[in-house]
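A quick write-up on the structure given underneath.
Note that ligands are numbered from 1 as they come in the structure, with each ligand's atoms numbered from 1 the same way.
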Amino acid sequence: MQANDYQTWAKTTAIYPAAGTGDTPELMYLALGLAGEAAEVANKVKKIYRDTNDDPNSAKAQELKQGTQDELGDVMWYIANLCTALGTTLEEQMAKNNHKLESRKARNVLTGSGDNR
Ligand SMILES: [Mg+2]
């Protein structure tokens, strides 16, 4: 599946709460949802570390890794719908991120900090 096809599909499954008093309820809902799903990814990885560190090939480890993959899909859904809400596409943002990081790599500034290096 292509990224923009996924984004178009994701929009068909997006059901947001009714707008309240804020002027950007959709963005707020999506950003909070993204943070929540990212936390679910982190929690699954924590459990991999906590519960399977001694046996990374155990059935439990495989189950947790599969669960982590499932959470990544949830993260993708929120990212896709955030792109739609912000008037951009997944592929456009992927290309821009690729360009930014290739530029940093070429200038040998991949490490370090700061958004505009
Ligand atoms: Mg989830």
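- Nearest to the Mg ion (ligand 1), among the N, O or S atoms that E71 has, is OE1.
- The nearest N/O/S atom of E40 to the Mg ion (ligand 1) is OE1.
- The main-chain N or O of H99 is never found under 3.5 Å from a side-chain atom of S103 such that the two would form a donor-acceptor pair.
- Restricting D74 to its N, O or S atoms, the one at the least distance from the Mg ion (ligand 1) is OD2.
- Residues V45 and Y49 are members of separate hydrophobic clusters, defined by side-chain heavy-atom contacts under 4.5 angstrom among Ile, Leu, Val, Met, Phe, Trp and Tyr.
- Counting only distance, with no hydrogens or angles, the side chain of T52 and the backbone of D55 share no donor-acceptor pair below 3.5 Å.
- Heavy atoms of other residues, nucleotides or ligands lying less than 6.0 angstrom from CG of N97 number more than 12.
- The closest approach of E37 to the Mg ion (ligand 1), by N/O/S atoms, is made by OE1.
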